[in-house]
Amino acid sequence: MEEHGTPLTPSDLAHHMMIVCPTHLSPTLSFRKEGRVASVRVQSQLTVTINEGAITGAKAGLGIVASSLIGAKAELESGASVVFSPIGTSVR
């Protein structure tokens, strides 16, 4: 995020590396906000099979992970350097 800034819209994610996890295996993420759906094709340099691996990769600076609040609860509560930027509700 140092290079491209904090993503504020779905299209901003196209400029970032994503960590692909079981929740979002597709290279396309879709978000719903105020009745509109926006989709963006993302790049990934890491694919993991469990959410904990994705969170660890994000903390190591390998990319952004799309995770539920429950999946990142411990990191958010502890103040770990995981950025949560609400850009809409994920659509599957």
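The shortest heavy-atom contact between Gly57 and Leu46 is CA-CD2, 4.3 Å. When every heavy atom of Ser11 is checked against every heavy atom of Val40, the shortest pair comes out as CA-CG2, 4.1 Å. Between Pro7 and Ile64, the closest heavy-atom pair is CG-CD1, 3.9 Å.
To the nearest 0.5 angstrom, Leu29 atom CG is 8.5 Å from Ser39 atom OG. The distance from the OG atom of Ser78 to the NZ atom of Lys73 is 12.0 Å, given to the nearest 0.5 Å.
Taking Gln45 as the reference, Met17, Leu62 meet the side-chain contact (heavy atoms from CB on, under 4.5 Å) condition, with sequence neighbours excluded. Looking at residues two or more places apart in sequence or on another chain, you find a side-chain contact (heavy atoms from CB on, under 4.5 Å) between Arg41 and Pro27, Thr28. With sequence neighbours left out, the side-chain hydrogen bond (donor to acceptor under 3.5 Å, both in side chains) criterion links Thr56 to no other residue.
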**Request:** List the steps, then state whether side chain to side chain contact (heavy atoms under 4.5 Å, CB included) holds for Lys59 with Glu75.
**Result:** CA-CA 9 Å; Lys59 287 169 54 177; Glu75 288 75 17; 3.7 Å; yes
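In this structure, the side chains of Leu13 and Met18 come closer than 4.5 Å at one or more pairs of heavy atoms.
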